[in-house]
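Scope of the values below: all heavy atoms of this structure, side chains included, with no hydrogens, waters or symmetry mates.
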Amino acid sequence: MFTTPMRSTRPAALLTLAAALLSTAGPIRAQVQPPTNTRPMAVPITQSIPDAEDKPFPGTIQLAIDASDTTTGAFRVTETIPVPAGQSRLTLLYPKWLPGNHGPEGPIAELVDVRFYAGGKPLTWSRDPVDVYAFHVDLPAGTSEITARLIHTSPLRTSEGRVTMTREMLNLQWEKMSLYPAGYYVRQIKVQPTVTFPAGWQVFTALDGKAATGSVVTWAVTDYETLVDSPIFAGAYADRHDLGKGVFLDIVADKPELLKIAPENLATYRNLVDEALLAYGAKHFDHYDLLLALTDRMGGIGLEHHRSSENQYEPRTLVDWAAGDWDRNVIAHEFSHSWDGKYRRPARLWTPDYRVPMQDNLLWVYEGQNQFWGLVLAARSGVQSKEQVLGQFANYAGVFTQYPGREWRSVEDTTHDPIIANRKPKPFSSLARNEEYYTEGALIWLEAEAIIREGTGGRKGMDDFAKAFFGMKDGDWGVLTYELPEVVQTLNAVYPYDWAGFIKTRIQTAGQPSPLGGIERGGYRLVWKEEPNPYDKARMAAAKYISLYHSIGLAIDSDGKVTASLWNGPGFAAGIVTGMQILSVNGKTYDQDTIRAAITAAKGNTAPIELIVKRDDVVRTVQLSYHDGLRWPWLERAVPGTAPTGLDKLLAPRAPAAKKLAAK
């Protein structure tokens, strides 16, 4: 249909103006330019710190530390450093990548009041803007030495870090309170150490050439690498025991009565020395100090060194021998590290100084196999009971039967966790995974032991690997590095097998079945009981919490605070997460007995467990659906008869004295 156009009622002039504007609208928009955004270019990072060279540093550093102030916990340091001829600037480094920590954990924030002098006059210095662990000190012409004065402020509370000084004891770690010159391998830097201690304290370290004048102790000149590897334990209440073979047990305690150890219990540590030497077949130290702190005041530690180790037990662990059984594995673990980790070390975990990053991907050997040997040697020597060690293996195995993080993350990838996570707590560690190269690594090496034993008709086992891999060059106190092919090659020399495929599957591939092969091949099986195994029971009692990980998927402290929630577990499904507090259980005030009784009562029926929980300022009721009862992992014998199984034989003593003690 055709229609007549509507007549406009607007004036002709307005229509003409509108038409003119429309005709110019396009060109006007085209002429308007958008604002120009400023786009910066990256400033190149200039390398201002020399790489380490394997050449001697000229002269000897004098390092004097006043460690007598137990009130403030401050270590006051005076370090006199020679200056190589012709230098106008000296770069000094604070250790960043610390051996045994497996990550960049040097606590530089605790280094304060840093000042430098030459000829008694202050020097100007600046911190490197890229590597903040480096100090550039400007030198007047002709400077032959400088003096650094600084303070290491040891934490006074656990919220500030690990406490290393109390009124009764201290743990002096040289790398936390000293600087070293850049440009040199640390083994090429000579140091003369001196420390002033509180009056009357006994002092223990692996350093040589000790000389004391009152409370001032000096040691012979050593190199910086050895110094850092030789920490000090000192205390008002202390004792020393000769364990034979050049090994000593050096103990400091919160109170003098905690030092008492029954002769038969002390004998287990002598057995430990014998068992380790038998297992490895060689000795890679001239003398060795097991440094042990019996304390709940100084921070806990377990740290390996070549000729010593730093260890902490709960205060009454030696006095209440049976009750402390769960707590004594750390010494066996750290002593074993003298062979596995200090003498034999992954090539990329050895570095020429403490600035070069460490590469952790072989920690499943360094720490995983050492976790295995720590348990084995503890059981063989009697430092821990066999039942306790079986409980620890059960604890490891039980966790990995329901561990969602294993679906996406391999054991090898967890070796990077000390760097990625910096050992901080995680909201859902079961999904994120932690440093399971220790515990899952131990279970995988247990399977390797069972494969070798089974394949050789019981003639060989991991002892043969230990002798071949860690026990070479008896008397060598150096560091012998390795790469993965040597691990595979040595395993094949002990027993031909597809070890490369075994490692690829168990270590480098995610989503594997629970690592129970070593337990099952060893004649045991993982079972579930309504009471915790000896290890879990003692550990929970000591820490005053309850782990219900395998039932409702929660760990809860004595105040009802949730400290862990299993991803996709029953508690998680009910909306219970870390930090919540459980106020009541089925209408009754929360305590451990009440929650255990509620889980037991819910077994086999459909009624949920009713919890009242508090998060921040919100209180609410949740219904927790779980009906399988209390569950804790145990290992129990799986074969008929009484003849020792493969796992029994692995944990049995080898040394004559240990056999005699075990027979009593």
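- The shortest side-chain heavy-atom distance between Trp373 and Arg380 falls under the 4.5 Å cut-off.
- Here the shortest heavy-atom pairing between Gly100 and Glu304 reads CA-OE2, 3.3 Å.
- Under the 4.5 Å side-chain criterion, counting only non-hydrogen atoms from C-beta, Thr268 is in contact with Leu661.
- Classification of Arg307 and Asp208 as a salt-bridged pair holds, one side-chain N sitting under 4.0 Å from a carboxylate O.
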### Task
Determine, stepwise, if the pair Asn329 / Gln392 fulfils side-chain hydrogen bond (donor to acceptor under 3.5 Å, both in side chains).
CA-CA 10 Å; Asn329 185 257; Gln392 287 181 255; 4.6 Å; no

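- One distance of note links CG of Asp413 with CD1 of Ile507; it measures 12.5 Å at 0.5 Å rounding.
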### Task
List the steps, then state whether side-chain hydrogen bond (donor to acceptor under 3.5 Å, both in side chains) holds for Asn370 with His337.
CA-CA 7 Å; Asn370 199 73; His337 264 315; 3.3 Å; yes

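- Considering only heavy atoms from C-beta on, Thr414 stays 4.5 Å or farther from Glu412 through its side chain.
- Between Asp536 and Arg539, at least one side-chain nitrogen of the basic residue sits less than 4.0 Å from a carboxylate oxygen of the acidic one, meeting the salt-bridge criterion.
- Looking only at side-chain heavy atoms (C-beta outward), Lys260 and Leu318 stay at 4.5 Å or farther from each other.
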N/O donor-acceptor pairs under 3.5 Å from side chains in residues 241-253, not counting sequence neighbours:
unit_1: Asp242; atom_1: OD1; unit_2: Gly244; atom_2: N; d: 2.8
unit_1: Lys245; atom_1: NZ; unit_2: Asp274; atom_2: OD1; d: 3.1
unit_1: Asp250; atom_1: OD1; unit_2: Arg240; atom_2: NE; d: 2.7

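- Considering only residues two or more places apart in sequence or on other chains, Tyr313 meets the ring-ring contact (aromatic ring centres under 6.0 Å, His included) condition with none of them.
- Asp229 CG to Arg187 CZ: the interatomic distance, rounded to the nearest 0.5 Å, is 14.0 Å.
- Ring geometry, Phe465 versus Phe470: the interplanar angle exceeds 60°, so the pair is classed perpendicular (tilted spans 30 to 60°).
- His102 has its ring centre less than 6.0 Å from the ring centre of Tyr366.
- The CG atom of Asn311 sits 9.0 Å away from atom CG of Leu303, with the distance rounded to the nearest 0.5 Å.
- Side-chain contact between Glu387 and Tyr535 is absent, with no heavy-atom pair separated by less than 4.5 Å.
- To the nearest 0.5 Å, atoms CG (Leu172) and CD1 (Ile232) are separated by 5.0 Å.
- Remark: Tyr438 engages no residue in a ring-ring contact (aromatic ring centres under 6.0 Å, His included) (not counting sequence neighbours).
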### Message
Using the rule given for ring-ring contact (aromatic ring centres under 6.0 Å, His included), can you reason through Tyr354 versus Trp97, listing the C-alpha separation, both sets of side-chain angles and the distance that settles it, and then say yes or no?
### Response
CA-CA 5 Å; Tyr354 308 121; Trp97 290 82; over 10 Å; no

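- A donor and an acceptor atom, one from each side chain of Glu367 and His333, are located under 3.5 Å apart.
- Just one residue in the list Trp364, Trp445, Tyr396 forms a side-chain hydrogen bond (donor to acceptor under 3.5 Å, both in side chains) with Gln371, and that residue is Tyr396.
- Ring geometry for Phe285 versus Phe335: interplanar angle of 30 to 60°, hence tilted.
- Ion pair Glu440/Arg433 flagged as a salt bridge, since at least one NZ, NE, NH1 or NH2 atom sits closer than 4.0 Å to an Asp/Glu carboxylate oxygen.
- In this structure, Arg631 does not pair ionically with Glu530, as no charged nitrogen and carboxylate oxygen lie closer than 4.0 Å.
- Applying the salt bridge (charged side-chain N to carboxylate O under 4.0 Å, His left out) definition to pairs two or more places apart or across chains, those involving residues 495-508 are Glu447-Arg506.
- Taking the centre of each ring, Trp528 and His550 come in below the 6.0 Å mark.
- Residues Lys96 and Glu105 are not paired through a salt bridge, judged by the lack of any N-O separation under 4.0 Å between the basic side chain and the carboxylate.
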Sequence neighbours left out, cut at 3.5 Å: what donor-acceptor pairs do the side chains of residues 644-653 make with other protein atoms?
unit_1: Thr645; atom_1: OG1; unit_2: Gly522; atom_2: O; d: 2.9
unit_1: Thr645; atom_1: OG1; unit_2: Leu647; atom_2: N; d: 3.4
unit_1: Thr645; atom_1: OG1; unit_2: Asp648; atom_2: N; d: 3.2
unit_1: Thr645; atom_1: OG1; unit_2: Asp648; atom_2: OD2; d: 3.1
unit_1: Asp648; atom_1: OD1; unit_2: Lys386; atom_2: NZ; d: 2.6
unit_1: Asp648; atom_1: OD1; unit_2: Tyr524; atom_2: OH; d: 2.5
unit_1: Asp648; atom_1: OD2; unit_2: Arg637; atom_2: NH1; d: 3.4
unit_1: Asp648; atom_1: OD2; unit_2: Thr645; atom_2: N; d: 2.9

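- In this structure, the separation between CG on Leu272 and OH on Tyr269 is 8.5 Å, given to the nearest 0.5 Å.
- Rounding to the nearest 0.5 Å gives a distance of 12.5 Å between OG of Ser336 and CD of Glu275.
- Looking at Arg406 and Pro515, their side chains come closer than 4.5 Å, going by heavy atoms from C-beta outward.
- The environment of Arg348 atom CZ is sparse: at most 12 non-hydrogen atoms of other residues, nucleotides or ligands sit within 6.0 angstrom.
- The shortest side-chain heavy-atom distance between Ile451 and Glu454 does not fall under the 4.5 Å cut-off.
- Closest approach of Gln384 and Asp325 over heavy atoms only: NE2-O, 3.0 Å.
- A salt bridge does not link Asp327 to Arg316: none of the charged side-chain nitrogens sits closer than 4.0 Å to a carboxylate oxygen.
- Judged as a ring-ring contact (aromatic ring centres under 6.0 Å, His included), and not counting sequence neighbours, the contacts of Phe502 are Trp499.
- Taking the charged nitrogens against the carboxylate oxygens, Asp417 and Lys426 do have a contact shorter than 4.0 Å, which makes a salt bridge.
- Taking 4.5 Å as the limit, some side-chain heavy atom of Pro104 sits within range of a side-chain heavy atom of Ile419.
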### From CA spacing to verdict: side-chain hydrogen bond (donor to acceptor under 3.5 Å, both in side chains), His416, Glu435
CA-CA 8 Å; His416 305 300; Glu435 297 178 39; over 6 Å; no

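- For Tyr343 and Asp476, the side-chain atoms include at least one donor-acceptor pair closer than 3.5 Å.
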